[in-house]
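Structure record follows, encoded as structure tokens.
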Amino acid sequence: MGGELSEVCYAVDERGRYVVAPSLGWEPKNIANSQAWQEVEQRALAALDRVRAGEASPLFFHMTRHQMSTPLLARYVGLFRWRVRRHLTPKGYAKMSPAHRQRYADLFEVSVDDLDRLPESVTLTPRY
Amino acid sequence: MATTKEIPFDHRQGSHCESGVTSNLLQHHGQSISEAMAFGIGEGIFFAYLPFIKVNALPLTAYRCEAGAILKRASRRMGCRLKWQTFRDPARAMDELDRKLDEGTPVGCRTGGYWLPYFPEAYRIHFNLHNLVVYGRRGDDYLISDPVFPEPVVCARKDLIKARFAKGALAPRGAMYHVAASSLRFDQSAAILGGIRGVCRRMLHTPAPIVGVRGIRFLARRLEKWPGKLGERRALQCLGQLIRMQEEIGTGGAGFRFMYAAFLQEAGDRLHAPRLHEISNELTAVGDQWREFAVAGARICKGRSAPEAPYSNLASLLAECAAGEDRVFRSLKDFVRRVAQVRL
């Protein structure tokens with residue numbers, strides 16, 4: 001699969017009949033989409049900074065990168081919110097049990113060790 | 001259990017997942033129904049502004065009816081019975097899916113949009129209202145007819161599990177469905193008229209102020225106050241989300257208007273009712289107004305708006321859309337009533 005998704009839409013042909021035609025994409029949608037993606041990227045970058053500054057755990061970065069909120073993340077790993085919130089702090093993260101680490105790693109599809117590793121930077125490049 | 005199974009399934013690309021799935025599934029069971037027809041008979045067109053449901057931490061605007069409703073209504077009206085199942089346990093959900101596939105029945109699944117690997121990254125959001133049909137498997141890979149895509153796609157078992165058990169608002173809980181019984185005896189014109197009647201009821205006569213034509217007006221009033229109430233940045237985000245919802249999710253609000261207009265046209269052909277063609281043209285014009293609204297909104301998002309009061313300008317555009325839809329659905333209601341009288 002390529003990065004581009006070729007969509008179809010309903011359009012009126014020259015005789016005024018509706019036909020299903022390939023959509024060429026159009027600007028308002030692209031603007032709205034790229035605005036949304038910039039927002040996601042900014043949030044991820046801000047999270048990265050906070051983790052580097054020692055204000056939050058790497059988990060906080062992964063969560064933000066995957067556009068999740070604490071309640072959503074808690075639902076995914078099947079833990080209480082307060083527990084996840086604790087794991088989002090560096091202190092709580094350090095004390096996390098291996099079983100819990102495994103759950104997060106499975107969710108984000110990285111190895112348990114890679115959970116600690118942070119990328120240099122984040123570029124979420126939507127292809128429009 | 002067979003590890004390889006491929007049910008012959010006719011994949012047709014649609015512009016919206018649920019109506020696409022509906023038309024593809026029913027087609028498989030011998031009904032001839034286009035996507036637009038499924039959308040119309042299933043009463044797909046809708047509007048609701050739901051500020052208390054958050055997607056991406058921003059308010060949700062729905063331009064179509066709730067998930068599953070198109071499927072349910074369209075199949076009922078077309079003389080089919082759907083069997084729905086939800087699961088608590090992913091393993092059982094997958095076993096049941098495999099069992100159905102082995103029986104040779106294609107299965108529809110409701111999934112989240114974030115975990116499907118064949119989605120381009122740019123389209124991945126936590127939005128749990130996607131529909132697709134699984135029509136076979138090869139070992140651990142499932143063969144999927146996803147109506148949004150031009151060709152059938154393949155998805156690994158572990159990703160499909162994740163997508164079927166996506167969490168968050170409106171979680172699918174592994175929901176799957178198949179056509180359990182289909183009879184070919186049904187009155188197509190009754191199905192069409194029933195679909196139109198239901199839509200009029202919900203667009204014009206809802207008790208809730210955030211639904212239907214009233215909902216559009218409500219949103220117009222709210223939108224005007226966004227910059228003052230939420231601050232410039234947050235207002236922009238909300239606006240961006242609104243436009244994204246309108247133009248992207250599913251087929252987008254304006255897209256739904258055009259699809260419904262296509263349905264009216266097809267219905268007009270089948271019922272030999274030129275009046276429906278006229279109304280279809282009017283709805284196309286309303287769809288264009290929605291697009292105008294999107295263009296103006298996107299301009300603000302980009303910081304390119306000229307007028308000094310951009311939001312009130314937008315609000316008046318939206319109010320025009322509301323007026324247009326009001327006209328369209330009132331004429332439709334009138335039409336249905338007249339046809340009913342003739343038939344009696």
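Chain naming here is simple, since letters A, B, ... match the order of the sequence lines and numbering starts at 1 in each.
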(message) Is B:Thr284 in contact with chain A via its backbone, its side chain, both, or neither, using a 4.5 Å heavy-atom distance?
(response) both

(request) Give a yes or no on this: more than 12 heavy atoms of other residues, nucleotides or ligands lie within 6.0 Å of atom CZ of B:Arg12. (result) yes

(message) With a 4.5 angstrom heavy-atom cut-off, is it the side chain or the backbone of B:Leu236 that approaches chain A, or both, or neither?
(response) both

(message) Heavy atom to heavy atom, less than 4.5 Å: which residues from residues 72-85 of chain A reach chain B?
(response) A:Leu72, A:Arg75, A:Tyr76

(message) Which atoms of A:Val19 are under 4.5 Å from chain B, going by heavy atoms: the side chain, the backbone, both sets, or neither?
(response) neither

(message) Within the 3.5 Å criterion, strictly below it, is a donor on A:Tyr18 or B:Glu266 matched to an acceptor on the partner's side chain?
(response) no

(request) Select all residues of residues 94-107 of chain A having any heavy atom within less than 4.5 Å of some heavy atom of chain B, and report them by number, or 'none'. (result) A:Asp106, A:Leu107

(request) Can you see which heavy atom on B:Ala36 is nearest to which on A:Tyr10, and at what distance? (result) N-OH, 3.5 Å

(request) Below 4.5 Å from any heavy atom of chain A, which atoms of B:Ala261 appear? Answer side chain, backbone, both or neither. (result) both

(request) Using a 4.5 Å cut-off on heavy atoms from C-beta on, say whether the side chain of A:Glu39 contacts that of B:Gln241. (result) no

(request) Kindly indicate whether the side chain of A:Arg17, heavy atoms from C-beta on, has any atom under 4.5 Å from the side chain of B:Asp269. (result) yes

(message) To check you understand the geometry: which heavy-atom pair defines the closest contact between B:Tyr114 and A:His66, and what is its length?
(response) OH-ND1, 3.0 Å

(request) May I ask you to check whether over 12 heavy atoms, not counting those of B:Arg173, lie within 6.0 Å of atom CZ? (result) no

